[in-house]
Amino acid sequence: MPLFDRYAMVDWSGGGRRRAGKQDCIWIAHGPATAAAPITVSPPSRSEAEDIIRSLLQPVAASKTGRMLLCADFGYGYPAGFASLLPKPVAGESLPWRIVWQYLRRHVRDDLGTKPGQRPTNRSNRFEVADAINRAVSCPDARGPFWCLFKPGVYAGVPQKRPPQPFAGAERSVAPLRITDTRAKSDTPFRLFGTGSVGSQILTGVPRLESLRFDPLFIRSSVVWPFDTGWARETGTWLAPRVRVVHAEIYPSVRAPLPDAVKDRGQVRAMWHWARDLDAENLLIHEFAIPPGIESGSREDTVIRSEEGWILGCPRS
């Protein structure tokens, strides 16, 4: 049996202004498994995107049958050790991915300057948050781990050029890439601006994920792979019966986009068809299994499941 009966793929943007329907904007492709093709929408702000996603999740979470796969194209975690640089936002919380998610939800602010009754501005304080983290964890002669700003020099704690790698903080070193980033050949999560950068997407995306995953409406019916779920097993039951929504990270660049006037739209359409078609053949579950080359119970396995996360559909070697 297929794992899901509906799918939603999100191409996120960490940009600082309202923008829609073009390249480097937010794009969402969604629809049931029975659809010939997904519906695609391009909300002009992250808040409006979250509203659309919530509207998709609500009937699924409230139902007693069916399940949705919801994916976004930004990192759900940081390289091993980054979480230890942050203060724990909740007493007793020890899972690294939760420390990062809670910290970012508490500190990242979006839609700055939005007045009552006006549309969301889509401006965030992501650079300010990165600057605060850098100032707290950097040595005097080595600023980082975040780097590269839209306007160089605005935040003194964020260097414009890449700091020496791995980043040597005041208390420990942090690699520039996760294990899955190396396999997928994706960019470092610490670069905040520039072609191919993903740092701003993560800083603005993770707080939205935290809000969705732990919203009282969805908290019992949603999980994040592989943090909440562990790896899928070849036999037996993997997901609990109560699970209606599975969140998973994607990196659309590992698949060829469908022909489209807007590349980002073509990418989310391609990811939707990839997941739907594999699932129809009962093959998608293999993508949720432990990655080849990662030994069960190894340090790498533990790091991936507790801190770094993994890209769904990541190349196997």
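Just so you know, these numbers come straight off a predicted model, no measurement behind them. For the numbers below, each heavy atom of this structure counts, side chains included, while hydrogens, waters and symmetry mates do not.
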*E50/R46 under salt bridge (charged side-chain N to carboxylate O under 4.0 Å, His left out): CA gap, chis, key distance, verdict*: CA-CA 6 Å; E50 182 178 343; R46 288 176 288 275; over 6 Å; no

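Looking at residues two or more places apart in sequence or on another chain, you find no salt bridge (Lys or Arg N to Asp or Glu O under 4.0 Å) involving D277. S200 meets the side chain to side chain donor-acceptor pair (under 3.5 Å) test with R126; sequence neighbours excluded. Residues forming a side chain to side chain donor-acceptor pair (under 3.5 Å) with D301 (at least two apart in sequence, or on another chain): W231, R305. For E249, the side chain to side chain donor-acceptor pair (under 3.5 Å) partners two or more places apart in sequence, or in a different chain, are R178.
Identified under the ring pair (Phe, Tyr, Trp, His ring centres under 6.0 Å) test for residues 172-204, with sequence neighbours left out: Y78-F190, F82-F190, F146-F190, F150-F193. Among pairs with a residue in residues 3-21, those fulfilling salt bridge (charged side-chain N to carboxylate O under 4.0 Å, His left out) read R18-E48, at least two apart in sequence or across chains.
Rounded to the nearest 0.5 Å, atoms CZ (F214) and CD (Q102) are 7.5 Å apart.
Here Y76 and W97 keep their ring centres 6.0 angstrom or further from each other.
Within the 3.5 Å criterion, the main-chain N or O of R135 finds no donor-acceptor partner in the side chain of S138.
Residues I311 and L70 fall into different hydrophobic clusters, defined by Ile, Leu, Val, Met, Phe, Trp and Tyr side chains chained together at heavy-atom separations under 4.5 Å.
Side-chain contact check for S47 and R119: no donor-acceptor pair (N or O, by modelled atom type) lies under 3.5 Å. Between W12 and T204, the side chains place a donor N or O and an acceptor N or O closer than 3.5 Å (distance only, hydrogens not considered). Side-chain contact, D181 with Y251: no donor N or O sits under 3.5 Å from an acceptor N or O.
A 4.5 Å side-chain heavy-atom check between L312 and W274 finds at least one atom pair inside the cut-off.
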